[in-house]
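Contents: one structure, followed by commentary.
Chain identifiers are assigned alphabetically (A, B, ...) following the order of the sequence lines, protein sequences preceding nucleic acid strands; residue numbering begins at 1 within each chain. Model, not experiment: these values are computed from the prediction.
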2 protein chains.
Amino acid sequence: MLTRKRQLLFKKQAEIAKAIAHPLRIAIVDFLKDDEQCVCDIAVHISPERSNVSRHLSVMVSAGILEYRKEGLKVIYKLKTPCILEFFSCITAVLKQQAKENEKLLSAL
Amino acid sequence: MLTRKRQLLFKKQAEIAKAIAHPLRIAIVDFLKDDEQCVCDIAVHISPERSNVSRHLSVMVSAGILEYRKEGLKVIYKLKTPCILEFFSCITAVLKQQAKENEKLLSAL
DNA sequence: TTACTATATGACTATATACTCACATAGTAA
DNA sequence: TTACTATGTGAGTATATAGTCATATAGTAA
């Protein structure tokens, strides 16, 4: 059985993974990959529902994925742990494999 | 705004991320990192609730993270996309950074 | 001060997810 | 056939998450 210590580790890891596991949040992370951005620009780029964007941003801040600074009226978010981006290269690999399998299946029909 | 195509991509990526984002599922992936394992051993190692373990396994199979084969009565699961493991090294980096910050905060009190 | 802009949050509803129990299925062995 | 073992699933409840609207806060500018 798992030790308490390992259980705690897996729980923490799951919290971080959960904080990424949403289409809009992934879109936000992708949008932030090169540069920090204000909520205003994130909203324009990702989704017009400001309050929803705010919530998604705060989920990722709580999880330690993003950080922000205030500049006048604007709040500017940026990736705190850019290695998150590597995660997507793996996910993309999973998706490619799935596509390959579907292709195989299709050609067998 | 996001194109439909990119929205679809982010949705797919989120599905895969969601399939990992659970403490038990992470524990299972970790348990499978070196070798394939039957449900019986996974249950012994991770959690005694067989039906719950079954469900978590099927979530990850649907997402394309795991695959399985049957051998007699046993069903043996293995990682289909081992790059998932790299994901954890990033998550661990996030956790380490958080720990460092907490330390800093503590020493400032 | 008032009016304005950018962002965050409370409260609510809708939906998704996790867990549990009982039962079903499928393979094994007598 | 019956009895057994390993695994999966239906149905229910409990909990978590997402999205929306209205409102609050904080900074700016007149």
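Under the rule for a ring pair (Phe, Tyr, Trp, His ring centres under 6.0 Å), B:Phe88 has no partner lying at least two apart in sequence or in another chain. The side chain to side chain donor-acceptor pair (under 3.5 Å) search around B:Gln7 returns B:Arg4, not counting sequence neighbours. A:Arg69 is linked by a salt bridge (charged side-chain N to carboxylate O under 4.0 Å, His left out) to A:Glu36, A:Glu71, counting only residues two or more places apart in sequence or in another chain. For A:Lys80, the salt bridge (charged side-chain N to carboxylate O under 4.0 Å, His left out) partners at least two apart in sequence or on another chain are B:Glu101. Shown here are the side-chain contact (heavy atoms from CB on, under 4.5 Å) partners of B:Thr92, two or more places apart in sequence or in another chain: A:Gln13, B:Lys96.
Nucleotide D:dA30 is matched to C:dT1 when pairs are restricted to Watson-Crick or G-U wobble geometry with both distances under 3.5 angstrom. Nucleotide C:dC21 forms a pair with D:dG10, judged by Watson-Crick or G-U wobble geometry with both contacts under 3.5 Å.
Only B:Cys38, B:Val39, B:Cys40, listed by number, bring a heavy atom of residues 35-46 of chain B to less than 4.0 angstrom from any atom of DNA chain D. Heavy-atom distances under 4.0 Å link DNA chain D to A:Ser51, A:Asn52, A:Arg55, A:His56 of residues 51-66 of chain A, given in residue order.
The side chain of A:Arg50 places no N or O atom within less than 4.0 Å of a non-bridging phosphate oxygen (OP1 or OP2) of D:dC21. Taking 4.0 angstrom as the limit, A:Tyr77 places none of its side-chain polar atoms (N or O) nearer than this to OP1 or OP2 of C:dA6. Contact check, A:Tyr68 against C:dA6: no side-chain N or O comes under 4.0 Å of OP1 or OP2.
In this entry the distance linking CD1 of B:Ile28 with P of D:dT7 reads 12 Å, nearest Å. For the pair B:Lys74 NZ and C:dA29 P, the interatomic distance rounds to 12 Å; values are reported in whole Å. Regarding A:Arg69, its CZ atom lies at a distance of 17 Å from the C1' atom of D:dA26, rounded to whole Å. Rounded to whole angstrom, the span from the NE2 atom of A:His22 across to the C1' atom of C:dT15 amounts to 11 Å.
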Between the protein and nucleotides 2-4 of chain C, which nitrogen or oxygen pairs are less than 3.5 angstrom apart?
none

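Considering only heavy atoms from C-beta on, B:Leu95 comes within 4.5 Å of B:Gln98 through its side chain.
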Could you pull out all donor-acceptor pairs under 3.5 Å where a side-chain atom in residues 39-55 of chain A meets a protein atom, sequence neighbours excluded?
| unit_1 | atom_1 | unit_2 | atom_2 | d |
| --- | --- | --- | --- | --- |
| A:Ser47 | OG | A:Glu49 | N | 3.3 |

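Both A:Leu24 and A:Glu71 lie near DNA chain D, and the one whose nearest nucleotide falls closer to the 5' end is A:Leu24.
Listed by first and then second residue, the salt bridge (Lys or Arg N to Asp or Glu O under 4.0 Å) pairs involving residues 11-21 of chain B amount to none (not counting sequence neighbours). For residues 19-30 of chain A, the salt bridge (Lys or Arg N to Asp or Glu O under 4.0 Å) pairs, not counting sequence neighbours, are A:Asp30-A:Lys33, A:Asp30-B:Arg6. Listed by first and then second residue, the disulfide bond (SG atoms under 2.5 Å apart) pairs that reach into residues 60-89 of chain B are A:Cys90-B:Cys83, sequence neighbours excluded.
Nearest heavy atoms, A:Thr81 versus A:Gly64: OG1-O, 3.9 Å.
Residue contacts for B:Lys18: at a heavy-atom cut-off of 4.0 Å it reaches the sugar-phosphate backbone alone, with no base atom in range.
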